[in-house]
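First the structure, in the form of structure tokens, and then the observations on it.
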Amino acid sequence: WDKTILSATPIGSDMYFVHSFAVFPTDPNDTLAETTYDGITFCSAIQRDNVIGVQFHPEKSGVTGLKILQKFIELV
């Protein structure tokens, strides 16, 4: 997680998900984080080059989510 938007996020942190969509990247090296829910493991954060995305809602994920948003801002 070093040098990514998740560098300040402790492993196992709770995030807010509000839907049942899932991402399964064709290149597993693009996966930053995975989440397991109801027995299904899926990519919950992804990065390829300068494109970054998350499946969860950082703005609704408390202090940890705000830290992730701060890391997004620091990329600019």
Side-chain angles (χ1 to χ4, degrees):
W1 296 37
D2 292 340
K3 300 180 183 174
T4 74
I5 60 163
L6 301 177
S7 63
T9 307
I11 293 174
S13 295
D14 291 328
M15 296 294 155
Y16 182 85
F17 291 81
V18 71
H19 50 69
S20 59
F21 300 112
V23 171
F24 300 95
T26 55
D27 184 348
N29 293 316
D30 295 338
T31 300
L32 287 179
E34 293 180 324
T35 298
T36 300
Y37 179 77
D38 201 24
I40 300 170
T41 299
F42 58 92
C43 174
S44 52
I46 191 167
Q47 179 173 356
R48 178 181 284 180
D49 301 323
N50 65 339
V51 177
I52 304 167
V54 296
Q55 279 290 90
F56 53 88
H57 289 266
E59 77 282 5
K60 294 183 177 187
S61 296
V63 173
T64 304
L66 294 176
K67 288 180 183 177
I68 293 170
L69 290 175
Q70 182 64 41
K71 291 292 184 181
F72 269 117
I73 292 168
E74 291 171 4
L75 291 175
V76 178

Honestly curious: do [X] and [Y] fall in one hydrophobic cluster under the side-chain, below-4.5 Å linking rule?
X   : Y   : answer
L6  : V63 : no
V23 : V18 : no
I5  : I11 : yes
L32 : I68 : yes

message: If you compare all heavy atoms of D30 against all heavy atoms of R48, which two are closest, and at what distance to 0.1 Å?
response: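 Scanning both residues, the minimum pair turns out to be OD2-NH2, 2.7 Å.
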
message: Restricting to non-hydrogen atoms, name the atom on F24 and the atom on I40 that form the minimum distance, rounded to 0.1 Å.
response: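 F24 and I40 have their closest heavy atoms at CZ-CG2, 4.5 Å.
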
- request: Check step by step if side-chain contact (heavy atoms from CB on, under 4.5 Å) holds for Y16 and F56.
  value: CA-CA 6 Å; Y16 182 85; F56 53 88; 5.8 Å; no

- prompt: Just how far is it from atom OG1 of T4 to atom CD1 of I52, taken to the nearest 0.5 Å?
  reply: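 Result: 8.0 Å between the selected atoms.
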
query: How far does OG1 of T31 sit from CD1 of I46, to the nearest 0.5 angstrom?
result: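 If I round to the nearest 0.5 Å, the distance is 5.5 Å.
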
So do the side chains of [X] and [Y] get within less than 4.5 Å of each other, counting heavy atoms only?
X   : Y   : answer
T35 : M15 : no
K67 : T9  : no
F42 : Y37 : yes

Just by distance, do the side chain of [X] and the backbone of [Y] share a donor-acceptor pair under 3.5 Å?
X   : Y   : answer
Q70 : F72 : no
Q55 : F17 : no
S61 : H57 : yes

